[in-house]
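Single-structure report; data block below.
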Amino acid sequence: MTQYAVISDMKTHTKRSPVGPLVRATFAIVDPMLTVGMPPSVTADTGMDAFAHCVEAMTAVQRNPMSDILAERGISLVMQYLPKAVKDGKDIEARTQMSFAAMLGGYAFNDSNTHLGHAVGHTLGSMYHIPHGNACSASLPEILECEAEAVPEAVEQIAKAMGLRVKKGAAPADVGKQVSEALAKFMASIGQKTLKQLNVPETDLAKVAEVAGGPGLAMSSARKVDKDDVLTILKKAHVR
Ligand SMILES: [Fe+2]
């Protein structure tokens with residue numbers, strides 16, 4: 001669905017993303033029936049990848065009204081149907097809605113971009129061979145909390161799409177915290193692993209931040225961040 005591909009370099013343990021119209025498929029078949037056999041962990045990982053595409057598209061510098069609409073719907077669908085698809089892989093309604101959500105997420109970040117979730121995700125994935133979706137989601141609650149100061153209206157839209165009640169006039173930091181806590185709870189409920197559970201050692205976090213916070217996807221974050229900010233995010237996520 002997108003003009004991005006990811007290639008792992010097994011020698012350098014890095015992932016690179018070629019991008020452009022020639023990468024995009026001419027024709028795509030999105031058939032939920034093909035996802036029925038995915039085990040619960042792969043269902044949760046891929047579902048959270050779709051969620052990350054949506055929320056990162058909404059908090060990227062390239063965000064726009066089109067990507068917002070696509071992403072908001074994608075977020076709502078993931079919140080509603082991912083737990084069902086994880087619980088019962090043969091739930092065709094849940095599989096269908098998740099396939100649609102994944103497609104919307106693809107359209108959303110193709111029109112905007114991903115940023116810190118995927119910068120961290122690609123780094124963790126290439127260093128420890130952690131499944132892409134879980135690698136991207138592992139620090140997503142803390143990333144959204146960090147973005148709330150830069151794009152409060154976007155994080156409030158995310159909260160609403162997640163079905164959260166936001167107090168009128170709530171401070172951006174409080175909305176960010178609310179989204180972060182609700183997301184961490186949601187992820188735990190579908191078996192997504194935390195950085196600690198993924199066996200990422202605390203002593204490696206600076207190395208991860210060095211790569212993830214460098215030139216590349218991190219530059220698309222609406223909140224301008226450097227390697228130290230990424231390290232702060234990772235340390236917070238590690239004690240969750
Ligand atoms: Fe992804």
Side-chain angles (χ1 to χ4, degrees), residues 1-9 13-20 23-25 28 30 34-35 38 41-63 67-68 70-75 77-79 81-82 85-86 98-144 147 158 161 183 186-187 190-195 198 200 208 211-214 216-222 230 233-234 237:
M1 302 307 302
T2 75
Q3 56 173 353
Y4 295 85
V6 180
I7 295 176
S8 297
D9 186 331
H13 298 285
T14 52
K15 287 191 179 189
R16 322 250 350 213
S17 285
V19 52
V23 178
R24 195 169 188 170
V30 181
L34 297 173
T35 69
M38 289 200 299
S41 66
V42 181
T43 303
D45 290 341
T46 51
M48 281 314 298
D49 186 29
F51 187 91
H53 294 158
C54 292
V55 294
E56 288 179 58
M58 285 182 78
T59 50
V61 278
Q62 299 94 330
R63 70 179 290 233
S67 63
D68 276 1
L70 296 162
E72 277 177 291
R73 183 81 181 123
I75 291 165
L77 290 173
V78 171
M79 295 302 291
Y81 291 100
L82 183 54
V86 169
M98 278 309 301
S99 294
F100 184 45
M103 202 182 85
L104 291 174
Y107 275 133
F109 89 80
N110 200 54
D111 216 46
S112 172
N113 204 358
T114 60
H115 53 88
L116 292 176
H118 276 66
V120 170
H122 285 178
T123 308
L124 291 177
S126 46
M127 280 172 73
Y128 309 103
H129 304 289
I130 293 166
H132 173 76
N134 204 156
C136 290
S137 76
S139 56
L140 207 51
E142 290 73 18
I143 289 169
L144 291 178
E147 296 294 338
I158 290 170
L183 180 55
F186 177 77
M187 295 195 319
I190 54 167
Q192 282 283 277
K193 290 181 179 156
T194 62
L195 284 177
L198 290 165
V200 176
V208 176
V211 181
L217 280 177
M219 292 160 76
S220 279
S221 164
V230 178
I233 288 170
L234 290 170

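Hydrogens, waters and symmetry mates are skipped; everything else that's a heavy atom, side chains included, is used. No experiment lies behind these values; they were computed from the predicted model shown. Indexing begins at 1, ligand by ligand and atom by atom, following the structure's order.
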Residues two or more places apart in sequence or in another chain: which of them pass salt bridge (charged side-chain N to carboxylate O under 4.0 Å, His left out) with Asp68? Arg63
Quick check for you: within a radius under 2.8 Å, how many protein N, O or S atoms neighbour the Fe ion (ligand 1)? 4
Would you confirm whether the ring centroid of Tyr81 sits within less than 6.0 angstrom of the ring centroid of Phe100? no
Does atom OH of Tyr128 have more than 12 heavy-atom neighbours, drawn from other residues, nucleotides or ligands, at distances under 6.0 Å? yes
Report the residues that fulfil side-chain hydrogen bond (donor to acceptor under 3.5 Å, both in side chains) with Asp45, sequence neighbours left out, ordered by chain and then residue number. Gln192
Crowded around Phe186 CZ? As in, over 12 foreign heavy atoms under 6.0 Å? yes
Of all residues at least two apart in sequence or in a different chain, which pass the salt bridge (charged side-chain N to carboxylate O under 4.0 Å, His left out) check with Glu147? none
